[in-house]
A.B. asks: 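To start, I am sharing the structure in question, which I have written as C-alpha cells.
Everything quoted here is computed from the prediction, not taken from an experiment. Every chain is numbered from 1 and lettered A, B, ... according to where its sequence line falls, protein lines coming before strand lines.
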Protein chains: 2
Amino acid sequence: MSQELRRFKAEIFQALAHPTRIAIVEALRGGDLSAGHLIEKLELEQSNASQHLAVLRAKQIVTSRKEGNQVFYSLRDPVLIEVLDIMKRYFYSHLSQTMSMLKEIRSEKAAPKK
Amino acid sequence: MSQELRRFKAEIFQALAHPTRIAIVEALRGGDLSAGHLIEKLELEQSNASQHLAVLRAKQIVTSRKEGNQVFYSLRDPVLIEVLDIMKRYFYSHLSQTMSMLKEIRSEKAAPKK
DNA sequence: TGCGTAAATTCGCAATTTCGAATATACTAC
DNA sequence: GTAGTATATTCGAAATTGCGAATTTACGCA
C-alpha cells in the first residue's frame, strides 16, 4: 500500500509539474474562474489551456462545473495552495543556490554540455 | 519573476514526480543513507537508483557527501517531508475518490480507451 | 602496480509529455 | 433550422523521461 501511496503522490506532483498548471492553480486560489477567463488572464493558447485543465481534472486537482456556455473551474482542495506556499518559502530560503541553479540550467540549454 | 518562480516550483514537483524518488526522499527522512543502502532498502537497480539520485541532486533536493568508498545522501531541507506529509493527509481525505481514480487509470492502461 | 567494490555515466530504445493547428462538441440566440 | 461563442478533443511532430545493460570513474587495500 505504501507503494500505492507513493504512486498516488507522484501523480499529484506530476500534475503540478508544469509552470502553466501551477499558474492555473494559483489563479484559482481566489475562487472559481471560467476556462476563458483563465486563458485571458494567463495568456494561453486555447487548446493548450484545455489540455492542461484536462490534466488537472484527471488528477482531481480541480473540479469543473458548466454554467450555460462556459465551464468554471475551482480547486478541489485548498491544501494544495498550502503546498505551493510551502514551496515559496522553500524557494526563498534557498534563494541564492536556487538562482545559480536556474542560471546553470539556462546556460546548459543555450550551450548544451560539452 | 513570478513566471520564474513557477518554473522553479514546477521543476521541484517534476523532481518529486516519480514513485522511486519519493521513496528515496522518504527513506532519507530518518537521516543520511549511502547509495548502496538505498539500493538495498528500496530494491532498485544500481544504475536506475543512480539516475534518480542524479535528478534529486540536480534539483538540490538532496546533498551528497563522499565517505571513503561510498556516497551518503541526505535531504537538504526537511520541509519537503512536510509536503509529503500534507500529501498523505490529502490522500486520505479524498480516499474514496482517489481509489476509484487509481482503478480507472489502471483499467485504462489494461484496456486503453474505447 | 593491480584487484575489488561503490557509484556515476553512457547508450539505445520505448513510452510519455507538450505544443499549436485543426476539428469536434455543446451551448445560446435568432 | 443557422450562426456564433466557449470549450474539448484529436493529430502529428519534437522534446523529455525512464529503463536496464554496459561501461567508466573513484576509491581502498594489498
A.B. asks: Any side-chain heavy atom of B/P78 sitting closer than 4.5 Å to one from B/E82?
C.D. replies: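 Side-chain contact under 4.5 Å: no.
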A.B. asks: What's touching nucleotides 20-22 of chain C from the protein side, N or O pairs under 3.5 Å?
C.D. replies:
| residue | atom | partner | partner atom | Å |
| --- | --- | --- | --- | --- |
| C/dG20 | OP2 | A/N48 | ND2 | 3.2 |
| C/dG20 | N7 | A/S47 | OG | 3.1 |
| C/dG20 | O6 | A/Q51 | NE2 | 3.1 |
| C/dA21 | N6 | A/S47 | OG | 3.1 |

A.B. asks: Charged N to carboxylate O under 4.0 angstrom, A/E4 versus A/R7?
C.D. replies: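 Judged by the 4.0 Å cut-off on N to carboxylate O distance, A/E4 and A/R7 do form a salt bridge.
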A.B. asks: Can you measure A/L44 atom CG to C/dT18 atom C1' for me and round it to whole angstrom units?
C.D. replies: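 Distance, rounded to whole Å: 13 Å.
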A.B. asks: Give the ring-plane orientation class for A/H18 versus A/H52, where under 30° counts as parallel, over 60° as perpendicular and anything between as tilted.
C.D. replies: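 Correct class here is tilted.
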A.B. asks: Does a nitrogen or oxygen in the side chain of A/H18 sit under 4.0 Å from OP1 or OP2 of C/dC19?
C.D. replies: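 Yes, within the criterion.
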A.B. asks: By the 4.0 Å heavy-atom rule, please label B/S34 as base, sugar-phosphate, or nothing.
C.D. replies: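 Sugar-phosphate contact only.
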A.B. asks: Just the rounded figure in Å: distance from P of C/dA7 to NE2 of B/H37.
C.D. replies: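 From B/H37 NE2 to C/dA7 P: 11 Å.
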A.B. asks: Is a donor on one side and an acceptor on the other found under 3.5 Å between the side chain of B/R21 and the backbone of B/Q14?
C.D. replies: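 Yes; at least one donor-acceptor contact below 3.5 Å.
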A.B. asks: Closer than 4.0 angstrom, basic N to acidic O: yes or no for B/E26 and A/K9?
C.D. replies: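 Salt bridge flag = yes for A/K9 with B/E26.
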A.B. asks: Tell me: CZ of A/F13 to C1' of C/dT16, nearest whole Å?
C.D. replies: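 So the CZ-C1' distance, A/F13 to C/dT16, works out to 20 Å.
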A.B. asks: Can you work out whether A/F72 or A/Q14 has the more 5'-proximal nearest nucleotide on DNA chain D?
C.D. replies: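 Nearest nucleotide further toward 5': that of A/F72.
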A.B. asks: Any chain of hydrophobic side-chain contacts (each under 4.5 Å) joining B/L33 to B/I39?
C.D. replies: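 In one cluster with B/L33: B/I39, no.
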A.B. asks: Where the side chain of B/S50 is concerned, which of C/dA7, D/dT7, C/dT18 is the nearest nucleotide?
C.D. replies: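 Closest nucleotide among those given: C/dA7.
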A.B. asks: What is the distance, rounded to the nearest whole Å, between atom CD of A/E11 and atom C1' of D/dG18?
C.D. replies: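 About 16 Å, once rounded to whole Å.
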A.B. asks: What is the distance from CG of A/L56 to P of D/dT7, rounded to the nearest Å?
C.D. replies: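 Between P of D/dT7 and CG of A/L56: 16 Å.
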A.B. asks: Answer with base, sugar-phosphate or nothing: what part of the nucleic acid does A/Y73 contact at a heavy-atom distance below 4.0 Å?
C.D. replies: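 Here A/Y73 touches the backbone only, sparing every base.
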A.B. asks: With the side chain counted from C-beta on, respond yes when B/L84 and A/F13 share a heavy-atom pair under 4.5 Å apart, and no when they do not.
C.D. replies: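 Of all side-chain heavy-atom pairs linking A/F13 with B/L84, at least one is under 4.5 Å.
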A.B. asks: Please give, in whole Å, the distance from D/dT7 C1' to A/L33 CG?
C.D. replies: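 About 15 Å, once rounded to whole Å.
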A.B. asks: Is the shortest side-chain N/O distance from A/H52 to OP1 or OP2 of C/dC19 below 4.0 Å?
C.D. replies: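 For C/dC19, OP1 or OP2 has a side-chain N or O of A/H52 closer than 4.0 Å.
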A.B. asks: Check for a donor-acceptor pair, side chain of A/R76 on one end and backbone N or O of A/Q60 on the other, with a separation under 3.5 Å.
C.D. replies: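 Yes; judged by distance alone, with no hydrogens or angles, the pair exists.
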A.B. asks: Atom pairs, N/O to N/O, protein against nucleotides 27-30 of chain D, distance under 3.5 Å?
C.D. replies:
| residue | atom | partner | partner atom | Å |
| --- | --- | --- | --- | --- |
| D/dC27 | O2 | B/N69 | OD1 | 3.4 |

A.B. asks: What is the separation between atom CG on A/L53 and atom P on C/dT18, rounded to the nearest whole Å?
C.D. replies: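 Rounded to the whole Å, the gap is 13 Å.
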A.B. asks: Any side chain to side chain donor-acceptor pair (under 3.5 Å) involving residues 61-73 of chain A? Give me the pairs, sequence neighbours left out, ordered by first then second residue.
C.D. replies: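 Non-adjacent pairs meeting side chain to side chain donor-acceptor pair (under 3.5 Å): A/D32-A/R65, A/R57-A/Y73, A/T63-A/S74, A/R65-A/E67.
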A.B. asks: Taking CD1 from B/I22 and P from D/dG18, how many angstroms apart are they, rounded to a whole number?
C.D. replies: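 The answer, rounded to whole Å, is 12 Å.
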